[in-house]
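Below, each value reflects all heavy atoms present in this structure, side chains not excepted, and no hydrogens, waters or symmetry copies. Position 1 is the first residue of the sequence, and the numbers go up from there.
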Amino acid sequence: MKHFKIEEHPSFVHLKIARGEKYNALDAALLREFSEAVQKVQEMDASILLLSGDGDGFCAGGDLRMMQEVKDPKVYDQVMDDIEHIVTTLYTMPKIVISALHGPVVGLGLSIALAADYVIAEKDAVLSMNFIGIGLAPDGGGHFWLQERLGTHQAKHFAWEGQKMDAETAHGYKLIDIIVENPVQKSAEAMAEKWSQKPLQSMIATKKIYHQYHLDKLLQYLSKERQTQWKLTQSEDHREGVEAFLEKRKPNFKGK
């Protein structure tokens, strides 16, 4: 795989996004590969999956190049299919899934991270669901994950404000479960080794019981996000948001 590394350890499997030179930003081709990688690790024997990103951040979200790619409805549908497969597989996978975060964790990258059972982060991690900065709404189940962890009222505000949270603030809001010392990958691997001595099948059974009853709700959110995001990509505010980002200026949104 070009942009992913799969490392098998005695007690866990470690899946790394390996586009570190671009802060692991996601485009259509990378999401296709991500979907295949998640399917592959699901079929492995390990009962713990560790998900992390190479380079200086976990994931900077969607590559703006993808904004051009998804103007084609066929590409858009494939991208959304891949996103939905990634997050639903992580959510239902019969493993304990740990996302290990550092540096920027933005937009779709945050949605994917929050699909894990445990979210572990370095102190330097900065979390943001900043879809609103380019006139879009959260996808990748972002609405579902934020509601699960923050409640509807706080979830709305977090999405609307596009605010950045440092690790300690995010931990206070329960977006992060554990803060570790640098580097997060080594800390998370050590934690996975330690957790391998737990009664993991009991833990996985509890995950299955809870998640099977929430899966339909997640799928409903994903379906609505797919419909909504397509409409928003046609909006004037989205075009302005993308242009402003590329021109490194403040966007002039008009509510259209």
* Once you round to the nearest 0.5 Å, how far does NE2 of H143 lie from CG of L218? ->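 It is 12.5 Å, given to the nearest 0.5 Å.
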* Roughly how far, to the nearest 0.5 Å, is the CE atom of M1 from the CD1 atom of I17? ->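 Answer for the CD1-CE pair, I17 versus M1, is 12.5 Å.
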* Side-chain donor-acceptor contact under 3.5 Å, D82 with Q78 ->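 The answer is yes; a qualifying pair exists.
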* Asked: Is there a donor-acceptor contact under 3.5 Å linking the side chains of Q185 and E189?
  ->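 The answer is no; no qualifying pair exists.
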* Do W230 and M80 have side-chain heavy atoms sitting under 4.5 Å apart? ->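 Counting from C-beta outward, W230 and M80 never come under 4.5 Å.
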* Answer yes or no: is there a side-chain heavy-atom contact under 4.5 Å between L49 and L90? => yes
State plainly whether the residues [X] and [Y] are in salt-bridge range, i.e. N to O under 4.0 Å.
| X | Y | value |
| --- | --- | --- |
| K22 | D27 | no |
| R249 | E240 | yes |
| E7 | K16 | yes |
| R32 | E36 | yes |
| D81 | R226 | yes |

Validation: residues 110-118 side-chain donor-acceptor distances under 3.5 Å, sequence neighbours left out:
unit_1	atom_1	unit_2	atom_2	d
S111	OG	D139	O	2.7
D117	OD2	V97	N	2.8
D117	OD2	K207	NZ	2.9

* Can you sort out the partners of E181 under salt bridge (charged side-chain N to carboxylate O under 4.0 Å, His left out), two or more places apart, ordered by chain and number? => K123
* Asked: Take atom OH in Y76; do more than 12 heavy atoms of anything else shown fall under 6.0 Å from it?
  -> yes
